[in-house]
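Letters A, B, ... mirror the listed sequences (proteins, then strands); counts begin at 1.
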Amino acid sequence: MKLSESEYRDVTQFIYKEARFADNSLYSEWEELLNDDFEYMVPIEHGESDPTKRLLILFDNRARAASRVRMLKTGVRHTQTPPSPMARVISNIEVEKIAEGEYRVYAAFMLGELQVQAHPNKHIWVGRYEYLLKEVEGTLGMSLKKVFLIDSAHKIPALGFLI
Amino acid sequence: MAMNYSEAIKDGIVSSALYADDGVFNEEIEKIFTQGWVYVAHETEIPNVGDYVRRNIGLEAFVVVRGKDKKVKVISNRCTHRATLLVHEDKGNLRGSLTCWYHGWVFGFDGKLLNVPYGKGSEGLDHKCLPAATVEIYGGFVFATLNPDAIPFDEYLGNGKKIIDRVLDCSPSGKIRVDTGWVRYETQTNWKLQIENNVDGYHLNYVHASLGRALDVRYKDTVMVSEDKLTTEAIDFLGGHIELTIGAGYTKPLEWLGVKEGREMPADIKEYKDAIEEKHSDEVAHEVIYAGPPHAYIFPNLFIAETNIIFYQMEDRHTNVQLSSPILFEGSSDKLNSRFLRLCEGSLGPSSFLLPDDGAITERQSRGHIGRPMDIDLRRGMDREVVGEDGVITSHITDETSQRAFWNHYKTIMSS
């Protein structure tokens, strides 16, 4: 479907806002962006892979995402106490309009994280994002965020923040 | 300076130098991981002839492969010519043989050297076959040793067999699968800290405080209540094998599968319960339905975390990787088995609700090991342990009986 300039702008602004909330560990603000059918996935495998048959690194439905946020907000989620200072750069954004008010978005990202919970250590996360954004009652929200880490099949350190 | 293990491990006190010393680490690689038996794979990872997974024994590269005779082989992944890795991908299928991409040496699945290109120049030279480890399988769990004179496998596994039996009891078919992929979580810690922590029944209220505060979890009643109310136990099964009987604290059927009181049991779980009751005696069925699979460690690198498996591959003294994967029941419905996938993601791995908090705390602990050696105090509960006729030691779940179990066995091996 044809995508208008203003739709493109709204979608990219949404993506940047979501990234800013995640980077700054603004958990409540981040959660407000989620639709009820939200799914959050960090797969190990990058090809076609059926999550009912294969293990993922992370797979939250909306309820589990809420639990994740509640844990982060207790202040004693040690893996993110204190929250890691982070900044991510999102680029190569492609937006596909798949229905009225529904957009599939592909992007690449680099995320620098300073892990400050034990030995201060800088870690660079690199990968691709895939999002499904849907308008619900006139407001754009996130129904899917899929994170393809370049090293998902290899060893990775703690991933306690919102990637 | 060589470590004096009898002095460094004594009366429930261990020296912090045991985690922080490179000499100790190198000695562990030799005495525990090279001379002893280690877990390498589950045989369902390589169902077909030629299927392989790469695994380390100690620090050394090996290939676990299904041979042409359908048997599991564990062979060196280092070409006997100049040590080049023969397979570099983590898993796959070898079509007929292993060929080195450096000079084209070809080996069979049993390690036999089959061909050397430009053979004239090799005439009269005793080029070598790939070294193979001795392999034993119990319940699909593949163990290997590089020591031709290692202690007999049955003696090594000891009471660990009962632990594996109880895992298999939980599957209606008596068979399990561990073939859905591995999550690899790296911590900047000595490997022994992860072992100690996984068999620690004392830390849950603090390390997992966020879980306790944010969620209504099944752990709450079994390990997060007051000391007197806890009915669960820490068990030293000898030989370095250890269990925390977390399951004994469950009071309702299939709590370990997330069934909540007052809610209707989902159809796939009901079907599972019926199958277990059909298969087993009342006593065993009750154990499976209430307690579920064990929370137990099999020395030196395998951990059965209820419905999951963890094994450890270390890279150096302070870098440890935990690989986790769920245990699925062969023949059970996809619906039931997908629950184990989601339980695994929820509890283990770097973004789960449990493990990264253990990781953060043990990384802090690891930092504490730097500096002058200090006494690590593991004496909790020494006076209330019960020693059974078979020598098995049982105590309160919060007691450091489980850590002492590890260190006692470690000391025996490292002092030999």
inquiry  = Counting heavy-atom pairs closer than 4.5 Å to chain A, which one of B:Gly181, B:Ser324, B:Ser366, B:Ser325 comes out on top?
reply    =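 The option with the most such pairs is B:Gly181.
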
inquiry  = Counting heavy-atom pairs under 4.5 Å with chain B, which one of A:Leu56, A:Ile44, A:Thr52 comes out on top?
reply    =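 The option with the most such pairs is A:Leu56.
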
note = Among A:His119, A:Gln117, A:Gln80, the residue with the most heavy-atom pairs under 4.5 Å to chain B is A:His119

Closest contact, heavy atoms only, [X] versus [Y]:
X	Y	value
B:Ala360	A:Ala118	O-CB, 4.0 Å
B:Leu215	A:Ser67	CD2-OG, 3.0 Å
B:Pro350	A:Pro157	CB-O, 3.2 Å

Under 4.5 Å from any heavy atom of chain A, what part of [X] do you find: side chain, backbone, both or neither?
X	result
B:Thr362	neither
B:Ile361	side chain
B:Asn337	neither
B:Asp179	backbone

Taking side chain as C-beta onward, heavy atoms only, is [X] less than 4.5 Å from [Y]?
X	Y	result
A:Leu55	B:Glu345	yes
B:Asp357	A:Arg77	yes
B:Gln313	A:Lys155	no

Heavy-atom contact with chain B under 4.5 Å, split by part of [X]:
X	value
A:Gln115	neither
A:His154	backbone
A:Ala153	backbone

query = So, A:Arg68 side chain and B:Ser351 main chain: donor-acceptor pair closer than 3.5 Å or not?
reply = yes

ask   = Do the side chain of A:Arg64 and the main chain of B:Arg342 share a donor and acceptor less than 3.5 angstrom apart?
value =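 Yes, A:Arg64 side chain to B:Arg342 backbone: donor-acceptor pair under 3.5 Å.
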
note = Exactly one of A:Thr79, A:Thr74, A:Thr81, A:Leu72 clears side chain to side chain contact (heavy atoms under 4.5 Å, CB included) with B:Ser210, and that residue is A:Thr74

request  = Given side-chain contact (heavy atoms from CB on, under 4.5 Å), test A:His78 with B:Tyr206 step by step and report yes or no.
outcome  = CA-CA 10 Å; A:His78 304 296; B:Tyr206 293 89; 5.6 Å; no

inquiry  = For A:Lys53 and B:Asp334: C-alpha separation, side-chain torsions, deciding distance, then whether side-chain contact (heavy atoms from CB on, under 4.5 Å) applies.
reply    = CA-CA 7 Å; A:Lys53 296 199 164 62; B:Asp334 285 352; 3.1 Å; yes

Residues, nucleotides or ligands: over 12 heavy atoms within 6.0 Å of [X] [atom1]:
X	atom1	answer
A:Lys17	NZ	no
A:Tyr40	OH	yes
B:His88	NE2	no
A:Lys73	NZ	yes
A:Glu130	CD	yes

message = Pair A:Ile156, B:Glu186 - check side-chain contact (heavy atoms from CB on, under 4.5 Å), show working.
response = CA-CA 6 Å; A:Ile156 54 170; B:Glu186 180 184 6; over 6 Å; no

request  = To the nearest 0.5 Å, tell me how far B:Thr180 OG1 sits from A:Asp50 CG.
outcome  = 11.5 Å

